[in-house]
Amino acid sequence: MAALLLLGLLAAPALALRGAESPWAWNIAVIYKRNNPFSVAAKDAVKANLCARFAISPCEVTPNGKPGDIYLAADLDVHVPHKYFSDVIVWLQLQRSKTVNGGGYDLDVLAAPDLGEGDWPAGKAPSELAVYAGFPTSKNTNRFPAAGVAAARAAPAVAAPETHNTTCGNACDAADSGCAHTCDYLVHTMNLSCAENYAPGQKYEGWCDETCGYGGCEDDAWATSCSYDATCYAPYVNNTGCTGDAQVASMHFHFYYVPNANASLDKVNAFTDAATTELELDALTCPDNNGHEEPHNITCWLVGPGESGPMPAPPQWTPAWTQDHGTSSFDFSTFSLFVVREDLADVLQYVLSNKPADVDFLVHPNTGCSYADHVDWGLHATNGATKYTVANRFGTADEGGWEDETTAPPNDGDSAGWAAANIPEPEECSAVPSANGTAGYAGFEIHFVYDPTPGTPGRSLAADMVETLKETFAAEVASGAVLVASPQLDAYADPTSPFLAAHTNVKLVGGPATLGAVLPWVLGVRASHADFAAHVDVVVAPRGPSSGRDPACGPGDYVGRSLYAGRRWQFNEAMNGAAEAVDAAPAVRAVERPEAPATNAALYLLSAPNNAYQRAALANASAALEALFALESCGVDAPYLEPAGLENRLCALGSNDAPYHDEAEAFLVAYAAYHVPAGRLAEVLSAAMALKAAAGNGIYNVDLLLAPLTGDAKADYGAAALKGGSDWRMNAAALSAPTRQETPTPTQTYLPTRPARPLVITVRSSLIFASLDAAAFNADAAAAAEFARLVARASRDVDARDVSDVRATAWTSDRRRLDRRRLAAAAKVAYAAEVSTFAFGTNAGPEAETAAVLADFEADLAAAVSGGWAALVENVTGDANASAWLAIDAAASLDAVAASYSNFTSPSPSDDDGGAPWDVFYGVTAAVGVVAVAASVATTAWLRRGCAARLKPARRVQPIIPEAKLEGYKPPAWAFD
């Protein structure tokens, strides 16, 4: 291990965990798919890189390695002592990405304390003490037993994994290049166009390949380019412009909490108070004044630009709700902790041991690449006792440099572009079956999924469940409506299988009535048998030998359209859909089971509240569902957890874009809810499964929850719920409260959901500077770039790339108020800021959304100007004493919008408004036109900036740009990234 010391990475921990257990050693598993050749190749590449990076010799599994060494405990599990944890985990967080590892495939990471060292904290299960990067895997599948079937079955015919160009880079970044700036500065700060300057055939071809994605570099290089408000340091992460693992000096912990439950807030406050004491944190917070990854030299609570003083208590932590804003990095209420590298292992151990059960977190390295840090390289709490909380993919993409804000980037695994590239399928696979005149899919498969390891409870519990199902539905089994396949104990090693664990498949091919009878029974048994729920998961997919499904639909049926109860499992998308043998004459064994009366259900289509891509998909999917079944309002009041008296009515319960503001709401994300009678479950669920997939709604994957309505909300929305996509945390207090069941009011007016409409708003505004030479400003491209950065740091809706037409003019005024200031040299800098968003809702149109955007823009810039931002203003003007004022007039802006839309009417879902149709064709979204709105901003109010410097504690690092004291100003939530 002496070679490790030469890396210069290993420092003594700065924190002492007072009264805590012994420091943990860790088992870090690089999770790969044994039955996917792409994944295996990537795992082998990471293994070789790992051994070389950390001098692991021999580079093979060493079951009895020394506790103080780094060694391979399995293929591919790494035993990591506490003192080396920070170095290894940061390296693996980056290496899991296909862009970095060179193997052409993303891997996952699952890190858990090694039971060989230290004691488990009281009351904590192993699954609660693990963290993961990538897919929220809950099982270390690397430890599944060896299987012999892989060699006996032919692997699917697939192309060899793509290997990435590991020498890709920016010629301009070389020390002797002669370039005045780095490519990241040229492209992301000065806003120089890649297409016009650095593309093949242009004047500077080859100079900025990595940043722009040319010359064999990844075409998603924007995601791993240094963010416009960050500084990145060489040597960079392989094939990126991000700070390399050896240079990563800090991490961000972002904690997610339930904002509409007082008991949860009390626990959060107690946790932060205890952490401040136990981790010996400074009582004062550290602000992110100069970019989302501003460095500090101690571990400290992190706040937004200009914040100061003691840490505030939730929910005041986010004075404007984080999830209310599209360009926030987060879709949950959050608070943050800045952690220096040498403290990571101790802080992570403390957090896992002491955090409240309903607090989740993301911890990401600060490499300077915002999107990759938040989306690809972060560690999350596992979904054992905590839930998977994704980053806001819309906000992080916007921050990271993705420029097409009405279409999700193809490297986003929930986007239509990702589905088209990775699970291509015939068009009929994504069609809504009910739209073709059928009553839903002709066949379904219910898979019981479990750990195949001999002696584990899942195998026997799944066997008991299957035998009980055979007895309960003996008539259906005898008629062939229900077919039971033999257990597939080594499916995870079978290249023809989509599964990464053992499973037993029950095929439902008897039509809609079969699903309507069997599925509620399965979910009811799962909810009432705790052991079964703990060890066996359920997957439902639209398949079956008599379903008429094209075998080519297989990957999409599992990856895009399947639903699950329990833990969420990943799939092998390279499967080729081989058929499974079906039992002929099963032996029946009875076990205790509940009665299974016909049970109605509540269906929820879900979206992160501020992910505009997913919100648009939710609007499209719900509009299509409502049109397909001609739905009317159920006439009940929210919340809709256990509606009564609806009997056999298929109807719309309602929707809520921001339920987290209401303590009575159980959901914390946007939803559209429907009441589904048992007799129509198959056809409605079929449509919902098709529309939840990006291939079906045309935009983005939508999340889904189906809850049987038994009157027990905690069980119905917990163990008995069938889910699709993210397993979102819910407000447990609302689920446990007495259910409000209102009498239906059939006469209530129902407004159908309309599809989302892309909307691009160009806001024209100006800033007045008291000391600025207009001619010199206009001649300096760097000054214009700094001005764009100023606007971007102030507004939640734009980044520097959205700011254009920047032009300064000399400015004078005869206003008496301004004359008193005796302005010697003033200039007005006019600019245009482009805001890309969507119009949502039952009356989706541009006016309301434009008004909201302008109100946000006005509030953000007014707050920024009045509150300080002295450093950025100084960068623009070159004068530390410069003042700036914002001029804005929302009324005049809306008048301009009204003039632009004098002929606008809100159409029905099938109307056409002149070439930009609203209608959704099932399986394909119609060519929805982007609406362009010009909103001029005029002068009505003058807000003078006032600021005063303040001293900082000696332990706090002096920031690069002076900090300003804000007088009564609280930064918006979007700044907390």
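Keep in mind that what you see is a predicted model, and the values were worked out from it rather than measured.
A side-chain donor-acceptor contact under 3.5 Å links Trp728 and Asp703. Neither side chain, Glu342 nor Ser86, offers a donor N or O lying under 3.5 Å from an acceptor on the other. If you check the side chains of Glu665 and Asn260, you find no donor sitting under 3.5 Å from an acceptor. Counted by atom type alone, Asp373 and Thr367 present one or more donor-acceptor pairs between their side chains at under 3.5 Å. Side-chain atoms of Asp376 and Ser97 form no donor-acceptor pair, as typed in the model, at a separation below 3.5 Å. With 3.5 Å as the limit, one finds no donor-acceptor pair spanning the side chains of His374 and Asn392.
In terms of the side-chain hydrogen bond (donor to acceptor under 3.5 Å, both in side chains) criterion, residue partners of Asn142 (sequence neighbours excluded) are, by chain and number, Asp77. Residues satisfying the ring pair (Phe, Tyr, Trp, His ring centres under 6.0 Å) criterion with Tyr236, sequence neighbours excluded, are absent altogether. With sequence neighbours excluded, no residue forms a side-chain hydrogen bond (donor to acceptor under 3.5 Å, both in side chains) with Gln93. For Trp91, the ring pair (Phe, Tyr, Trp, His ring centres under 6.0 Å) partners are Phe54, not counting sequence neighbours. Considering only residues two or more places apart in sequence or on other chains, Asp108 meets the side-chain hydrogen bond (donor to acceptor under 3.5 Å, both in side chains) condition with Gln570. Residues meeting the side-chain contact (heavy atoms from CB on, under 4.5 Å) test with Ala719, sequence neighbours left out: Arg526, Ala527. Taking Tyr371 as the reference, Trp222 meet the ring pair (Phe, Tyr, Trp, His ring centres under 6.0 Å) condition, with sequence neighbours excluded. Here Lys714 pairs with Asp712, Ser736 under the side-chain contact (heavy atoms from CB on, under 4.5 Å) rule; sequence neighbours left out. For Asp531, the side-chain contact (heavy atoms from CB on, under 4.5 Å) test picks out Leu461, with sequence neighbours left out. Among residues two or more places apart in sequence or in another chain, the ring pair (Phe, Tyr, Trp, His ring centres under 6.0 Å) test is passed with Phe85 by Trp26. Applying the side-chain contact (heavy atoms from CB on, under 4.5 Å) test to Ala133 and every residue at least two apart in sequence or in another chain returns Arg96, Val109, Leu379. Checked against salt bridge (charged side-chain N to carboxylate O under 4.0 Å, His left out), Lys139 has the following partners two or more places apart in sequence or in another chain: Asp451.
Annotation: side chain of Leu362 is in contact with side chain of Tyr256 (closest heavy-atom distance under 4.5 Å). Inter-residue side-chain proximity for Pro609 and Val669 is flagged as met; some heavy-atom pair is nearer than 4.5 Å. In this structure the side chain of Asn27 reaches within 4.5 angstrom of the side chain of Asn140, judged on heavy atoms.
Taking each heavy atom of Glu663 and Asn262 in turn, the nearest pair found is OE1-ND2, 4.4 Å.
Phe330 and His254 have their aromatic ring centers within a separation under 6.0 angstrom. Aromatic ring centroids of Phe253 and Phe338 lie 6.0 Å or more apart.
Distance check, rounded to the nearest 0.5 Å: NE2 of His82 to CH2 of Trp24 gives 10.0 Å.
Pairing of Cys369 with Cys232 by a disulfide is not supported, the SG atoms lying 2.5 Å or further apart.
Under the 4.0 Å criterion applied to side-chain N and carboxylate O atoms, Arg53 and Asp245 are assigned as salt-bridge partners.
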